[in-house]
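One structure below.
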Amino acid sequence: MRKMGIGVQLYTLRNETAADFEGTLRKVAELGYEGVEFAGYGGLSAEDMKALLQELNLKVPGSHVSLERLRSDLQGEIDYMKTIGGETIIVPWAKAEDEEGWKAIIAELQSFGEEVRKQGLGFGYHNHAFEFEGKVGEAFIFDAIFESQPELLVEMDACWVHRGGQDPVAYIRKYAGRLPLVHAKDYKVEDNNTVTLELGQGIVALDEVIAAASEAGVQWLIVEQDNCQNPPLESIANSLNWLKEHYLQRV
């Protein structure tokens with residue numbers, strides 16, 4: 001099996017980064033993560049962040065940047081990512097009330113993506129389950145987004161594809177070649193609510209997801225847990241340990 005980088009989506013550690021951004025990144029590096037996917041920069045300047053990342057030897061496979069931020073300061077977001085050595089700007093989610101609303105968002109993603117790519121970065125979209133709960137034309141919203149613009153990179157969240165009633169392995173294979181990042185996430189359902197869990201504790205067939213991701217050319221597995229039952233730093237340590245046992249020992 002091919003070696004992929006292992007990163008963590010810092011939204012998982014949002015309370016920790018709010019209290020001590022730099023200290024939290026140091027703990028992430030100490031745990032053995034190779035990269036971080038940002039969800040905000042904690043008020044650090046791009047130059048300060050670059051220096052910190054270099055000191056900790058952490059790479060930046062991506063950063064989640066909202067549509068609102070892109071609308072208000074697209075160039076600033078591009079400049080920040082380029083300064084810190086980031087690879088891909090990712091819209092973490094979008095929501096529309098109807099089909100016409102989704103068509104407008106798709107057009108907006110196309111416009112932002114053209115400018116981001118022109119300046120040397122990748123541009124992608126991260127799914128949730130709701131993109132499989134509605135359609136644009138005959139296609140799921142998920143497929144309508146990505147089939148409309150082949151240059152748009154896919155950041156597939158395996159948990160949410162599964163929760164949307166689809167097979168994440170099949171979707172990884174479908175979008176192979178434009179799928180640099182996969183969110184490794186597990187969950188269970190309680191009273192029809194999604195409860196995110198540490199890796200290996202839920203109902204996602206993660207071994208199959210990881211094997212498919214490796215075959216599809218995925219560059220990074222990104223650990224994310226929306227809500228943690230244990231202290232979040234403990235949870236991401238447990239998930240990394242699961243990856244070491246179930247994946248890293250096999251590459």
Side-chain angles (χ1 to χ4, degrees), residues 1-17 20 22-39 52-64 85-88 90 126 154-163 167-169 171-173 176 179-188 194-251:
M1 193 182 298
R2 187 179 50 84
K3 173 71 171 67
M4 296 174 280
I6 306 296
V8 62
Q9 165 52 250
L10 291 176
Y11 178 76
T12 309
L13 304 173
R14 55 197 176 276
N15 294 329
E16 287 72 18
T17 55
D20 182 1
E22 180 178 329
T24 301
L25 256 62
R26 292 185 182 282
K27 290 175 182 176
V28 166
E30 288 168 6
L31 287 174
Y33 279 93
E34 301 165 76
V36 288
E37 184 178 61
F38 286 102
L52 178 61
L53 292 166
Q54 288 178 341
E55 176 194 342
L56 300 177
N57 196 29
L58 286 172
K59 296 181 174 63
V60 185
S63 181
H64 280 192
E87 298 173 11
T88 305
I90 300 137
H126 164 273
V154 184
E155 178 173 59
M156 192 174 297
D157 189 305
C159 161
W160 290 123
V161 173
H162 189 279
R163 186 68 171 114
D167 178 3
V169 170
Y171 262 84
I172 287 169
R173 290 173 178 160
L179 182 64
L181 310 167
V182 164
H183 270 199
K185 185 189 296 182
D186 215 343
Y187 81 104
K188 64 181 178 180
T194 304
V195 180
T196 55
L197 301 170
E198 295 165 9
L199 298 186
Q201 302 299 309
I203 60 176
V204 179
L206 289 168
D207 287 314
E208 296 176 19
V209 166
I210 291 168
S214 178
E215 292 171 7
V218 170
Q219 297 163 18
W220 286 86
L221 296 173
I222 308 293
V223 171
E224 183 183 39
Q225 191 171 345
D226 299 40
N227 294 289
C228 301
Q229 292 75 38
N230 293 315
L233 282 162
E234 180 182 331
S235 286
I236 69 164
N238 291 340
S239 288
L240 182 58
N241 286 335
W242 186 91
L243 284 170
K244 288 176 180 176
E245 180 179 350
H246 289 260
Y247 164 59
L248 292 175
Q249 289 183 4
R250 298 160 56 194
V251 296

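- Residues meeting the salt bridge (charged side-chain N to carboxylate O under 4.0 Å, His left out) test with Lys244, sequence neighbours left out: none.
- For Glu245, there are no salt bridge (charged side-chain N to carboxylate O under 4.0 Å, His left out) partners, not counting sequence neighbours.
- At least one donor-acceptor pair under 3.5 Å links the side chain of Glu34 to the backbone N or O of Ile6.
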Please lay out, stage by stage, how Val223 and Thr12 fare under the test side chain to side chain contact (heavy atoms under 4.5 Å, CB included).
CA-CA 9 Å; Val223 171; Thr12 309; 5.9 Å; no
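- For residues 198-245, every residue pair satisfying the ring pair (Phe, Tyr, Trp, His ring centres under 6.0 Å) rule, not counting sequence neighbours, is listed here: Trp242-His246.
- Every residue two or more places apart in sequence or in another chain was checked for a salt bridge (charged side-chain N to carboxylate O under 4.0 Å, His left out) with Glu215, and none qualifies.
- Among residues two or more places apart in sequence or in another chain, the side chain to side chain contact (heavy atoms under 4.5 Å, CB included) test is passed with Ala29 by Leu56, Leu58.
- Take Lys27 and apply the salt bridge (charged side-chain N to carboxylate O under 4.0 Å, His left out) test, not counting sequence neighbours, and it matches no residue.
- Judged by distance alone, the side chains of Glu155 and His183 do bring a donor and an acceptor atom under 3.5 Å apart.
- Pairs of residues two or more places apart, or lying in two chains, that qualify as salt bridge (charged side-chain N to carboxylate O under 4.0 Å, His left out) and include a residue from residues 216-233 are Lys185-Glu224, Lys185-Asp226.
- Between the Asp186 side chain and the Gly200 main chain, a donor and an acceptor come within less than 3.5 Å of each other.
- For Phe38, the ring-ring contact (aromatic ring centres under 6.0 Å, His included) partners at least two apart in sequence or on another chain are Tyr41.
- To the nearest 0.5 angstrom, Ile210 atom CD1 is 8.5 Å from Leu248 atom CG.
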Before giving the answer on side chain to side chain contact (heavy atoms under 4.5 Å, CB included), spell out for Leu53 and Leu25 the whole-Å C-alpha distance, their side-chain angles and the decisive distance to 0.1 Å.
CA-CA 8 Å; Leu53 292 166; Leu25 256 62; 4.1 Å; yes
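- Not counting sequence neighbours, the partners of Tyr187 by the ring-ring contact (aromatic ring centres under 6.0 Å, His included) test are His162.
- Evaluation of the ring-ring contact (aromatic ring centres under 6.0 Å, His included) rule for Trp160 yields His128 as partners, not counting sequence neighbours.
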Quick one: side chains of residues 229-240, donor-acceptor pairs under 3.5 Å with protein atoms, not counting sequence neighbours, listed by atom name and distance.
from   : atom 1 : to     : atom 2 : distance (Å)
Gln229 : OE1    : Gln225 : NE2    : 3.3
Gln229 : NE2    : Thr196 : O      : 3.0
Asn230 : ND2    : Glu198 : OE2    : 2.8
Ser235 : OG     : Glu198 : OE2    : 2.9
Asn238 : ND2    : Glu198 : OE1    : 3.1
Asn238 : ND2    : Glu198 : OE2    : 3.4
Asn238 : ND2    : Glu234 : O      : 3.4
Ser239 : OG     : Leu199 : N      : 3.1
Ser239 : OG     : Ser235 : O      : 3.4

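- Not a single donor-acceptor pair under 3.5 Å links the side chain of Ser214 to the backbone N or O of Met1.
- Residues meeting the side chain to side chain donor-acceptor pair (under 3.5 Å) test with Gln54, sequence neighbours left out: none.
- Scanning all heavy atoms of the two residues, the minimum distance from Asp167 to Val169 falls at OD1-N, 3.0 Å.
- Under the 4.0 Å criterion applied to side-chain N and carboxylate O atoms, Glu30 and Arg26 are not assigned as salt-bridge partners.
- Across Pro61 and Leu181, no two heavy atoms sit closer than the pair CB-CD2, 3.7 Å.
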